[in-house]
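All chains are named by letter (A, B, ...) in the order of the sequence lines, taking the proteins before the strands, and each is independently numbered beginning at 1. Quick caveat, the model's predicted, so the values are computed rather than measured.
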Amino acid sequence: MGRFIILVLALGALWLLLSGYFDKPLLLGFGAASVLFAALMARRAGIVDNDSVPTGLFPGIFGYWLWLTFEIGKSNIGVIRHALAVEPKLSPKLFYVPCQPKTSVGKATFANSITLTPGTVSVDLGEEGILVHALTEDFADVGAIKEMGDYVARIEGSEA
Amino acid sequence: MSAFEVELTPIVFLDLSLLTMLILVAFAMLRSRHLFAVVMLSGIYSLLSAAFFVSLDAVDVAFTEAAVGAGVSTVLMLAGMLLTARREKPKTPGRAPVALAVVFVTGAALAYATIDMPAFGDPDAPANSYVGQQYVDETPNDIAVPNIVTAVLASYRGFDTMGETMVIFTAGVAVMLLLGLGSARGGREVSDAEPEDGEAK
Amino acid sequence: MIDWDLIRDLLSWALFLTGGFSVVAGAIGLVRFPDFFTRLHAAGVTDTAGAELIILGMMIQAPNWIVVVKLAFIAAFLFLTSPVATHAIAHAAWMVGFKPMQGPDLRYEGDGK
Amino acid sequence: MSMFAVATAGIIAAMTLALVRAFAGPSLYDRVLAGNSFGTKTVILIGLMGFLTGRPDFLDIALLYALINFAATIAILRFFSYRQSSKTRAKPMSEGEA
């Protein structure tokens, strides 16, 4: 029930911010009706769980995003240098990275963070961890990627 | 009525490059024999033409183009691909002079017709000189819907768009039936074939 | 007295220039890189640095707060979905049996010497 | 020459390059990648268009495009994997018969 209320509040805030109407009763009524309809449908479909409303991630995720932004910036410069080099020296590599996060949300966050930093793309999630494709040897830095996984594991919270 | 005065603003360049890309994509679709490539290119074509519609201020058309053209029709075409081969059969180079002639005559007629059209945004154009302004002025007072297009379609033109409203109503009823909103219990209970899956969830 | 408008303009000029540069660089990589998996990385540059920097530049120039909010939603949405889409493409290709080039001499695995 | 025009020119150039990749292929997944990248550029282009004309109110469409582009890419890939799995399921059966 707590998750449901959070979902309704989040959807309502989204509706208000996107529409920008605060003083028209008719439109506000339509908005409230659509928010409730969407939330009830989600509940009926049984998808109001930790995957769709990941309350466990907050508030630690904001610090993580800030940190991730800098990582993305750094690796972008590297990839752009290769894209514009007269003779790009690529040495693509496939390797496994151990996956520390335990919850499904944590795993998804970690794998998407790997993909989001250019130069590395998560290809598959298996028993041995996450299969990563890297553009060059420099990007295939298992230590740095594991650091990212540790960070996610610290903030992911529990599955409940 | 009005001379063509082309002012080279960035928007004109934008329109020109969008149209050029549209033509390029269309030719690539004609030339390609690989059907998957054609489907992907048609998705790109929809995106481009939707961007062009936005540039023409036809925002509602752009909405529809994005949802139907880039979204639904791509998937429908892919589903159609399931029933056929992946490559088009090579055919003998086009010998269809009649079709070519028809296309050229129609195109020339359409191009000729544009000469009579009022300039884009002309205040004296028929579209702007009769009741249009009145709708723009009165809608906010008559109906509390901020989007004038919505208000005109759903309210002022409620009778001559009755067919359209019926379609939307039918679609709404179909969605409600599919979701099972009609029954008091909220749909039938459906159990999964494998009980392990149900427990794991 | 600080000229805030000038600072705003300079800042968004810088963001637009770097963002546009990243978008073009990513697209160049998309054309130049040798195989499918390396092209994924180039597309990633466009999706992250390019898109977000240009959107940030637009946010600085926005005339009212609702435009800022909408741009923020677009930015957040691209931030959350672009890795999912990229991974989905990579994973689909991997499952079909696409093998990436490996090593500095860009050889396919099991290609012989 | 406004700053929006510069950014738009960059986007147009990148769109052209993405088109080259979509034309050239060679594989199906290259084309899906090019199409997805093209969609992201369209989102930004529509946003920039609003600023170029001085009416940045059309951002709703850019938001909608971001949603549709993502959903369409996922739908296309789901379709491929569906086709693939039906193929691999069909294969052993025909081999068993032979």
Residue, of D:Asp30, D:Ile74, D:Asn36, D:Leu59, that accumulates the most heavy atom pairs under 4.5 Å with chain C: D:Asp30
Chain C contacts, top residue of D:Asp60, D:Leu17, D:Val32 (heavy-atom pairs, under 4.5 Å): D:Leu17
Spacing of D:Tyr65 atom OH and C:Phe77 atom CZ [to the nearest 0.5 Å]: 15.0 Å
Nearest-0.5 Å distance, CZ of residue D:Arg21 to CD1 of residue C:Ile28: 13.0 Å
Region of C:Ile54 in contact with chain D, defined by heavy-atom distances below 4.5 Å: side chain
OG on D:Ser2 to CD on C:Gln61, rounded to 0.5 Å: 9.5 Å
Approximate separation, where rounding is to 0.5 Å, of D:Ile44 CD1 and C:Met58 CE: 7.0 Å
Spacing of C:His87 atom NE2 and D:Leu77 atom CG [to the nearest 0.5 Å]: 10.5 Å
Nearest heavy-atom neighbours spanning D:Phe51 and C:Ala62: CE2-CA, 4.0 Å
Note, D:Leu48 side chain near C:Phe16 side chain (heavy atom, < 4.5 Å): yes
Among the listed options D:Val20, D:Thr40, D:Leu33, the residue most often paired with chain C at heavy-atom distances under 4.5 Å: D:Leu33
C:Phe37, part contacting chain D, at a heavy-atom distance under 4.5 Å: neither
Side chain, backbone, both or neither of C:Asn64 within contact of chain D (heavy atoms, under 4.5 Å): neither
Engaged part of D:Leu63 at the chain C interface, taking heavy atoms whose separation is under 4.5 Å: both
Between C:Val24, C:Val23, C:Leu30, the one whose heavy-atom pairs under 4.5 Å with chain D are most numerous: C:Leu30
Euclidean distance, C:Thr46 OG1 relative to D:Met15 CE, rounded to 0.5 Å: 12.0 Å
Interchain contact, C:Ile66 with chain D, by part (heavy-atom threshold 4.5 Å): neither
Stepwise side chain to side chain contact (heavy atoms under 4.5 Å, CB included) test for D:Phe70 and C:Leu80: CA-CA 10 Å; D:Phe70 173 64; C:Leu80 293 177; over 6 Å; no
Positions in residues 68-75 of chain C that reach chain D, provided some heavy atom is under 4.5 Å away: C:Lys70, C:Leu71, C:Phe73, C:Ile74
